[in-house]
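Have a look at the structure below before the remarks.
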Amino acid sequence: MIKDKFVWRWIYLLVFIPFIIGVVDVINVYAKPQEFYDTIVSNAYLKPSERLKVRYGILNINQHYAMRFLWQFLALISLLTILVDFVQSLLKEKDKKLLVWVVSLYILFLLMSILASIFALEKLFEVDFLRSTGPILRTVNFVFYIILFAIGIMPIYFPSILLGYPRRVKQKTIIDHPIADDGAELKFGLDVDRIQDGLNALKDKGLFYEHDFNLNSCSKALEIPPHHLSHFLNQHRGVSFATYRNKVRIENAKNLITSGYLDKSTIEALAQQCGFANRSSFSKIFKKITQKNITQFASEVK
């Protein structure tokens, strides 16, 4: 996200060292006679407190656990330099939303890796630091789960953060309507022009006038998550999807009435043509939006 691209470098294999060692130990266990595995399982039942000290090959479980979280901590520290540069660029762009999200996410990951590393080292060296008293342990566990919850909930709270990546690639709408490229770098968050062009294209195709056209089918046609579409309509149009869809349908109904549709067809047919299930719901929504009933509007047009 910081670099706005991904290019593989072999040095990145360093990140996978705990995983690679874990795979080697798993293969080592299953390569040995069945008795070796049966002994491990049997001892785990007989001596539960000793099960994490069993050596499978290169390392035992405690060592695997400690290495995994220490490695995570070191990986996060290695990102600090480029993260600082990224934060400075966000301050210049005055993108407070992404700034809060990035910094908060980094701090939460860092706290989680520190807590997990402390627990792992306690197990490894058989010392009591955070586990010395019940209240301390409960407090640490509570903080730990709050961090996990926050990491999970933040992308939902900030639904528009990553939409539009990569920022420097020329964007196209999902309905094959290219957007003019003025050479400007794309902004973080929702690509407003792209979504609006997509909605206009859906109107031209008549999808809004299908009876079963809802938020999910619209977001699928636009190839964006439903909550991104809802966020766009709420933030940039001030309406829900249902209200936006009804306005589009009523606008189409007004155009059809103006062109003389009711001279040859009934209001029931007009309702079906615009995507409404029946005349009653059509009339109700038409009056709510236009402040006029259908016959009154048709008379004024004539």
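All residue numbers in this chain count up from 1 along the given sequence.
Side-chain atoms of Gln272 and His211 form a donor-acceptor pair, as typed in the model, at a separation below 3.5 Å. With 3.5 Å as the limit, one finds no donor-acceptor pair spanning the side chains of Gln63 and Arg68. No side-chain N or O of Asn255 forms a donor-acceptor pair with one of Thr258 less than 3.5 Å apart. Side-chain atoms of Ser240 and Thr243 include a donor-acceptor pair closer than 3.5 Å.
The main-chain N or O of Ile58 is found under 3.5 Å from a side-chain atom of Arg55 such that the two form a donor-acceptor pair. A donor-acceptor distance shorter than 3.5 angstrom exists from the side chain of Ser78 to the backbone of Ala75, with no hydrogens or angles considered. A donor-acceptor pair is defined here as one N or O able to donate and one able to accept, closer than 3.5 Å; no such pair exists between the side chain of Asn293 and the backbone of Ser283. Judged by distance alone, the side chain of Ser259 and the main-chain N or O of Leu256 form a donor-acceptor pair under 3.5 Å. The closest donor-acceptor contact from the side chain of Trp71 to the backbone of Phe16 lies at 3.5 Å or more, if one exists at all. Of the possible donor and acceptor atoms, none in the side chain of Ser42 sits under 3.5 Å from a partner among the backbone N and O of Asp38. Judged by distance alone, the side chain of Ser265 and the main-chain N or O of Leu262 form no donor-acceptor pair under 3.5 Å.
Using a 4.5 Å cut-off between side-chain heavy atoms of Ile, Leu, Val, Met, Phe, Trp and Tyr, with links allowed through other members, Trp10 and Ile17 fall into the same hydrophobic cluster.
Looking at heavy atoms from C-beta onward, Ile114 lies in side-chain contact with Ile118 at the 4.5 angstrom threshold. You'll find the side chain of Leu110 reaches within 4.5 Å of the side chain of Ile77, heavy atoms only. Contact annotation: the side chain of Val54 never approaches that of Asn43 to less than 4.5 Å [non-hydrogen atoms, C-beta and beyond]. Using a 4.5 Å cut-off on side-chain heavy atoms (C-beta onward), Tyr209 and Asn252 make contact. Between Phe232 and Tyr244, the closest side-chain pair of non-hydrogen atoms is not below 4.5 Å. Residues Phe297 and Val301 are in side-chain contact: their nearest non-hydrogen atoms beyond the backbone lie under 4.5 Å apart. Annotation: side chain of Leu121 is in contact with side chain of Leu70 (closest heavy-atom distance under 4.5 Å). Between Asn214 and Ser217, some side-chain heavy-atom pair lies under the 4.5 Å cut-off.
Separation of the Phe69 and Phe73 ring centroids does not fall under the 6.0 Å cut-off.
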| message | Please determine whether side chain to side chain contact (heavy atoms under 4.5 Å, CB included) holds for the pair Trp101 and Leu105, giving the CA-CA distance in whole Å, both sets of side-chain angles, and the decisive distance to 0.1 Å. | response | CA-CA 6 Å; Trp101 185 77; Leu105 192 64; 4.0 Å; yes
| said: Show, in sequence, the C-alpha distance, side-chain angles and deciding distance for Tyr65 and Leu124, and conclude whether the side chain to side chain contact (heavy atoms under 4.5 Å, CB included) test is met. | reply: CA-CA 9 Å; Tyr65 185 77; Leu124 187 61; over 6 Å; no
| Chi angles and distances behind the side chain to side chain contact (heavy atoms under 4.5 Å, CB included) call for Leu233, Ile195 | CA-CA 10 Å; Leu233 292 174; Ile195 296 178; over 6 Å; no
| said: Please evaluate residues Arg237 and Gln196 with respect to the criterion side chain to side chain contact (heavy atoms under 4.5 Å, CB included), reporting the C-alpha separation (whole Å), side-chain torsions for both, the decisive distance (0.1 Å), and the verdict. | reply: CA-CA 10 Å; Arg237 297 293 175 267; Gln196 188 57 60; 2.5 Å; yes
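Shown here for Asn278 and Ala271, the closest heavy-atom pair between the two residues is O-CB, 3.9 Å. When all heavy atoms are compared, the tightest approach of Leu229 to Leu222 is CD1-CD1, 3.9 Å. Summarising the geometry of Ala120 relative to Ala66, their closest heavy-atom pair is CB-CA, 3.4 Å, with the distance given to 0.1 Å.
Within a 6.0 Å radius of NZ in Lys220, no more than 12 heavy atoms belonging to other residues, nucleotides or ligands are found. For Leu13, the CG atom sits in a packed shell: over 12 heavy atoms of surrounding residues, nucleotides or ligands are nearer than 6.0 Å. Within 6.0 Å of OH on Tyr12 lie more than 12 heavy atoms contributed by other residues, nucleotides or ligands.
The CZ atom of Phe241 lies 4.5 Å from the SG atom of Cys218; values are rounded to the nearest 0.5 Å. Taking CD1 from Ile250 and OG1 from Thr290, the interatomic distance works out to 7.0 Å, rounded to the nearest 0.5 Å.
Cation-pi check for Arg249 over Phe276 is met; the charged atom lies under 6.0 angstrom from the ring centroid and within 45 degrees of its normal. The cationic atom of Lys32 (NZ for Lys, CZ for Arg) lies less than 6.0 Å from the six-membered ring centre of Phe36 and within 45° of the ring axis.
Between Glu251 and Lys203, no side-chain nitrogen of the basic residue sits less than 4.0 Å from a carboxylate oxygen of the acidic one, so the salt-bridge criterion is not met.
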